[in-house]
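Everything below concerns the one structure shown next.
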There are 2 protein chains.
Amino acid sequence: MIKKELIMEKALELFAKQGFEATSVQQITEHSRISKGAFYLSFKSKDELILALIDHFMIQISSDIDHIVKHTTDHDLLYKFFYASLKSYRDHSDFAKIFMKEQAQSCNEELIKKIHYYESINEKNILSLVDRLYGDDIVQTRYDLVYCINGLLKHYAALFLFYNIPLDLYLLTQSLVEKTNVLANHISIPFITNDLVEMMKPGTKEEITKEQIFNLMDNKLEELEESIEKESLTLLKQQLIEPTLSRPLIKGLVENIHYHPHCKWLSYLLRQYYQF
Amino acid sequence: MIKKELIMEKALELFAKQGFEATSVQQITEHSRISKGAFYLSFKSKDELILALIDHFMIQISSDIDHIVKHTTDHDLLYKFFYASLKSYRDHSDFAKIFMKEQAQSCNEELIKKIHYYESINEKNILSLVDRLYGDDIVQTRYDLVYCINGLLKHYAALFLFYNIPLDLYLLTQSLVEKTNVLANHISIPFITNDLVEMMKPGTKEEITKEQIFNLMDNKLEELEESIEKESLTLLKQQLIEPTLSRPLIKGLVENIHYHPHCKWLSYLLRQYYQF
DNA sequence: TTGACAAATGACTAATTAGTCATTAGTATA
DNA sequence: TATACTAATGACTAATTAGTCATTTGTCAA
């Protein structure tokens, strides 16, 4: 057990410096002053090691932040969230480097899955924070706000993680709190809509079912006013039930609805469905 | 020459899918349907290939955006900047993926240097944009604004690069313009100060020397066919040896060559050199 | 047809990789 | 001391890597 921790500690240093792929088991065993066999007594593979590392740190970090979001008054919430997040990055800077690098780069299936899992927890936390603080004022832009908070946090964190600049945690926190409040109070143009979030969820990505499109069509038909677009959509719906028109005609109808701001998503799904 | 482009094209696809490190020369040669020897006739090493790819695309993208920043009225500036940037990412999405991944991860010394070089050009562009648009109002927060613009741009670009969501370039641009204006007009707490920026500079940046430009001119003159561009270039070369024309005339000549696809980079260097 | 030259090949080397396993060292109990 | 057990070793395999080079193929002028 102690050996396992020793390996994790030493491997962390090497991964942070060189990256996961670029670090060999050989290097890890040398750095830990153990034999190759000893390594494989603790971990079944190199992959198992990095998965263990991610779990080890992310369980800690996630639950810390989750606790803060759930047990802080609204007044302090944003401040404490940023402070805790930045502090986690600083205190586990080697880990944070690995996590950020692998997030951008990894090709390992399981690794990506794990990173996505913890990322989704993080996003859920921020979303609940945003809804609590700004509530009904930002129904349209809530996902954008979440995305900006996450983006700015990571981008500023990279500043002290990858360029060893001195970090004034207090000041950086204040500056991020201000930016978040400013954005929350003033932005009005949403880019990340409900539809978009739905599609980014892992399950949805693989297959577009007739039913999904059908349901979305019904929703949109209710939203739309009488127009060419609505007529086109109605025709497309009929085609979905009972195809009678030729492919070019269907393609044309899909084109018709594409420029309507509410139907972008639908037209995307239809193009996928019909393989245009 | 054509072979070189074939290899670059095929390698780009593989790098975008699997990452640079994870792609073997073997795979590249198989994908390009050439032999291993043929690969090494075009490129001295795998490293030289990715450096060539980065130059190829970044010269194009950087000079496009530079040109827009320098030739757009203030009214349109922000909008055109975001639009052009996002369009570049979309049109060269395989390259953008590689550039983003390697930016986060790479351990190759020369590769990092090159990426930093183009990043610093990008930052300079954004800084000049910020100063022009908001000027004295944001002396304290200008670097933060630059950093936020860069961060938000990349973060949102990742959205359509790595999750294949459909991209409404127009809407995303508008949404980013709004966010930028909101931040510029309301943030007051600076985190990235002048000193910090100084500190992040890796020693002294390479100067653009007369010789570099001169050599590049000679190369291009050989490539070009008889045309207004070639005449302009010849005149510019003479000006470099012995200046006789006035600044506006020189600026006009630089303008003349900018639209020629092979001279984008040269025109960028000349604009830097003459401080237009 | 021949000769000369450039383009292209792929078998090859030497190095490195993740992971295995027969062997040994260390330790605790009888 | 003898026995039984676990902990640890590092030489080993098989696969893969970047890069090389003797050889073949293609092309075009004489």
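Side chains included, hydrogens not; waters and symmetry mates left out as well; all remaining heavy atoms used. By convention in this document, chain letters (A, B, ...) are assigned in the order of the sequence lines, proteins followed by strands, and residues within each chain are numbered from 1. Quick caveat: nothing in here was measured; it's all calculated off a predicted structure.
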- Query: Do we see a donor-acceptor contact under 3.5 Å between the side chains of Y156(A) and D144(B)?
  - Reply: yes
- Item | Gap between atoms OH and P, on Y40(A) and dA22(C) respectively (whole Å) | 17 Å
- Query: Can you name the side-chain hydrogen bond (donor to acceptor under 3.5 Å, both in side chains) partners of K113(A), sequence neighbours left out?
  - Reply: none
- Check ion pair K154(B)-E119(B) (N to O, under 4.0 angstrom): yes
- Task: For T23(B), report the nucleic acid contact type (base, sugar-phosphate, nothing); a contact means any heavy atom under 4.0 Å.
- Result: sugar-phosphate
- Along DNA chain C (nearest heavy atom to each residue), the more 5'-positioned of Q26(A) and G37(A): Q26(A)
- Task: Provide the start and end nucleotides, 5' to 3', of the part of DNA chain D that has atoms under 4.0 Å from heavy atoms of chain A.
- Result: dA8(D) to dG10(D)
- So what does K46(A) touch, heavy atoms closer than 4.0 Å: a base, only the sugar-phosphate, or nothing? sugar-phosphate
- Six-ring centre of Y89(B), K97(B) cation under 6.0 angstrom, axis tolerance 45°: no
- Message: Tell me the interatomic distance from E30(B), atom CD, to dT9(C), atom P, rounded to whole angstroms.
- Response: 13 Å
- With a 6.0 Å cut-off on ring centres, are F95(A) and F99(A) close enough? yes
- Task: Just jot down the side-chain contact (heavy atoms from CB on, under 4.5 Å) partners of L167(B), sequence neighbours excluded, or say none.
- Result: F191(A), R90(B), F160(B), L169(B), L172(B)
